[in-house]
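FYI, side chains are in, hydrogens and waters are out, and symmetry mates aren't considered; it's all heavy atoms of this structure. Letters A, B, ... mirror the listed sequences (proteins, then strands); counts begin at 1.
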2 protein chains.
Amino acid sequence: MPPLTPTGRVILGMIALGSQTGYDIKQLVDKSTRNFWAASYGQIYPELRRLEEQGLIEGQSDPRGGRARTVYELTAAGQAALSGWLDATGDPSFEVRDEGMLKLFFSDIGTPDQRIRNLRAMRHSHQNTVAQLEQLDVNADHMGTGPKLTLELGLGLHRAIVEWCDAAVQRLLEEKNDHRDANQHRDASQHSDDD
Amino acid sequence: MPPLTPTGRVILGMIALGSQTGYDIKQLVDKSTRNFWAASYGQIYPELRRLEEQGLIEGQSDPRGGRARTVYELTAAGQAALSGWLDATGDPSFEVRDEGMLKLFFSDIGTPDQRIRNLRAMRHSHQNTVAQLEQLDVNADHMGTGPKLTLELGLGLHRAIVEWCDAAVQRLLEEKNDHRDANQHRDASQHSDDD
DNA sequence: AAATGCATGTAAGACGTTACATGATTTT
DNA sequence: AAAATCATGTAACGTCTTACATGCATTT
């Protein structure tokens, strides 16, 4: 028996949480886990096939009107596979690919202005994420403990990044001003940031 | 002209920072960016070829003794491509795949103990990362502003995750105790955590 | 003499996104 | 009547990791 693929895990989990169709799964992933574990249709539908072949899920046709629709549920083997994964010890995989940080890393190559623009772009995208998560947070009452915890952690992290970006920009601007003031006396006006 | 590939960017950047060989690049990536942008030999060497074909870098054979060795440097076009990327506006890509959080999200499926074990596993792996970054931090004097900033942000983030995991575990344990105390009176001993 | 580090590379496969295509149902 | 939502799927492509293979140079 091949081990659960990465996408296989999300799918089993989402079906366990009540998702029925491939479409359903995608909706739920986009609403809940996409910030730390995304999935696309191009992965989901083929993977549903494989999981059924492996006997971990079972689907049956359940059309709504003239519209084809396949409803899936976990088999006993599927529940076992899911539990086995959740119970497995050993460090969980963790990967980040952050273009903003990469640019920041290389930012000595460019101008100080470029660096600040980049920090503002980072700030902006993480602030977006915060706003999305805050939307979800309003119905935290109807959530299980797991989803509540991940939401809380996500909010905390993205907020921390936003705040750090703000602080970094401010520090860089002050350094720039210090440097300018040390050379000669001119005026500069400060910007105000949206939020 | 095809746009810079993801790995192409790191390679150009690392060469700009002074890396000379493919081996060099890999070493530097592993020491500096791998927590937010990794690269493997399987990507690096083929990509060096492509970048040379595109005229963005130029390599020349520079053996050390009987050992083959190719030293690369940026061409003018390569510097332009790198600057163009660093200067580009529009939100930078940002992706996370965090198995620990995914398990946490699904943790209502398992037992409370499983959830706590999972949180401890997360804590452990992020604490490892913190330790690695602290090693790098000791020679922060010799770093440019960019590397210093990414190091600082990385440290802050991973430390925040460690702390959040600790707090979450504690909260969950307290809830468990409250629940137990509400039913009947027994004793439980607390664990002590390594660090 | 052995182990570690320097240095280069490839092949196979795993994983993933994007873009496209199709069509029914429900809401506006 | 149009737009949004539900629902399923595929093909092409891009990207990346793992595992393997090789061999010289330096340090222990």
Side-chain angles (χ1 to χ4, degrees), chain A residues 2-11 14-15 19-31 33-54 57 59-72 93-99 102, chain B residues 2-11 14-15 19-31 33-54 57 59-72 93-99 102:
Chain A
L4 273 185
T5 63
T7 302
R9 296 163 185 168
V10 208
I11 291 179
M14 289 304 182
I15 293 175
S19 292
Q20 311 212 58
T21 69
Y23 185 82
D24 257 9
I25 292 168
K26 170 71 168 153
Q27 299 307 106
L28 187 47
V29 164
D30 282 350
K31 246 184 228 164
T33 67
R34 89 158 165 309
N35 290 299
F36 52 87
W37 204 284
S40 67
Y41 286 128
Q43 283 283 308
I44 291 170
Y45 283 111
E47 185 67 25
L48 282 169
R49 291 267 161 67
R50 275 173 237 131
L51 291 171
E52 193 169 21
E53 277 165 27
Q54 294 167 32
I57 62 177
Q60 58 185 82
S61 173
D62 180 18
R64 283 286 184 271
R67 182 165 50 195
R69 184 163 167 275
T70 307
V71 167
Y72 290 93
S93 67
F94 178 78
E95 282 168 63
V96 179
R97 276 184 118 71
D98 184 336
E99 193 184 356
L102 191 61
Chain B
L4 273 184
T5 63
T7 301
R9 298 162 183 167
V10 208
I11 291 178
M14 289 305 182
I15 293 175
S19 292
Q20 311 211 58
T21 68
Y23 185 84
D24 256 10
I25 292 169
K26 170 69 169 156
Q27 299 307 106
L28 186 46
V29 164
D30 281 349
K31 246 183 227 166
T33 68
R34 87 156 166 309
N35 289 299
F36 52 88
W37 203 284
S40 68
Y41 286 127
Q43 283 284 305
I44 292 170
Y45 284 111
E47 185 66 24
L48 282 169
R49 292 265 161 68
R50 274 174 237 132
L51 291 171
E52 192 167 24
E53 277 166 28
Q54 293 167 31
I57 62 178
Q60 57 184 82
S61 174
D62 180 18
R64 282 284 184 272
R67 182 165 52 195
R69 183 160 168 276
T70 308
V71 168
Y72 292 93
S93 66
F94 178 78
E95 283 168 62
V96 179
R97 279 185 115 72
D98 184 335
E99 193 185 356
L102 190 60

Starting at atom CD of A:Glu47, determine the distance to atom C1' of C:dG16, rounded to an integer number of angstrom. 12 Å
Expressed in angstrom and rounded to an integer, what is the separation of B:Arg64 atom CZ from C:dC6 atom C1'? 11 Å
Point-to-point distance, once rounded to the nearest 0.5 Å, from CG of B:Leu51 to OG1 of B:Thr5: 6.5 Å
Verify the contact: side-chain N or O of B:Thr70 to OP1 or OP2 of C:dA7, cut-off strictly under 4.0 Å; return yes or no. no
Specify the residue among A:Gly65 and A:Leu4 whose closest nucleotide of DNA chain C lies further upstream toward the 5′ end. A:Leu4
Taking CG from A:Asp62 and P from C:dT25, how many angstroms apart are they, rounded to a whole number? 14 Å
Do A:Glu47 and A:Thr7 have side-chain N/O donor and acceptor atoms under 3.5 Å apart? no
A:Glu52 side chain reached by A:Tyr72 side chain, heavy atoms, under 4.5 Å: yes
For the pair made of CD in B:Glu95 and P in C:dG16, what is the distance, rounded to whole Å? 10 Å
A:Arg69 CZ to C:dT26 P, straight-line distance once rounded to whole Å: 12 Å
What one should report as the nearest heavy-atom pair of A:Leu28 and A:Ser19 is CD2-OG, 3.3 Å
Roughly how many Å is it from CD in B:Gln43 to P in C:dA14, rounded to a whole number? 17 Å
Extract, from 5' to 3' on DNA chain D, the first and final nucleotides lying under 4.0 angstrom from some heavy atom of chain B. D:dT15 to D:dA25
What's the spacing between A:Ile25 CD1 and A:Asp30 CG if we round to 0.5 Å? 12.0 Å
Quick check for you: among C:dG16, C:dG23, C:dT8, whose closest atom lies nearest to any side-chain atom of A:Arg67? C:dG23
Verdict with supporting geometry, A:Val29 and A:Trp37, side-chain contact (heavy atoms from CB on, under 4.5 Å): CA-CA 8 Å; A:Val29 164; A:Trp37 204 284; over 6 Å; no
What is the distance from OH of B:Tyr41 to P of C:dA11, rounded to the nearest Å? 19 Å
Could you tell me whether A:Ser40 contacts a base, only the sugar-phosphate backbone, or nothing, with contacts defined as non-hydrogen atoms closer than 4.0 Å? base
Taking the side chain as everything from C-beta on, heavy atoms only, tell me whether A:Ile11 gets closer than 4.5 Å to A:Ile44. yes
Nearest whole Å is fine: how far is C:dA19 C1' from A:Tyr45 OH? 16 Å
Heavy atoms under 4.0 Å, any strand shown: does B:Gly42 hit a base, just sugar-phosphate, or nothing? base
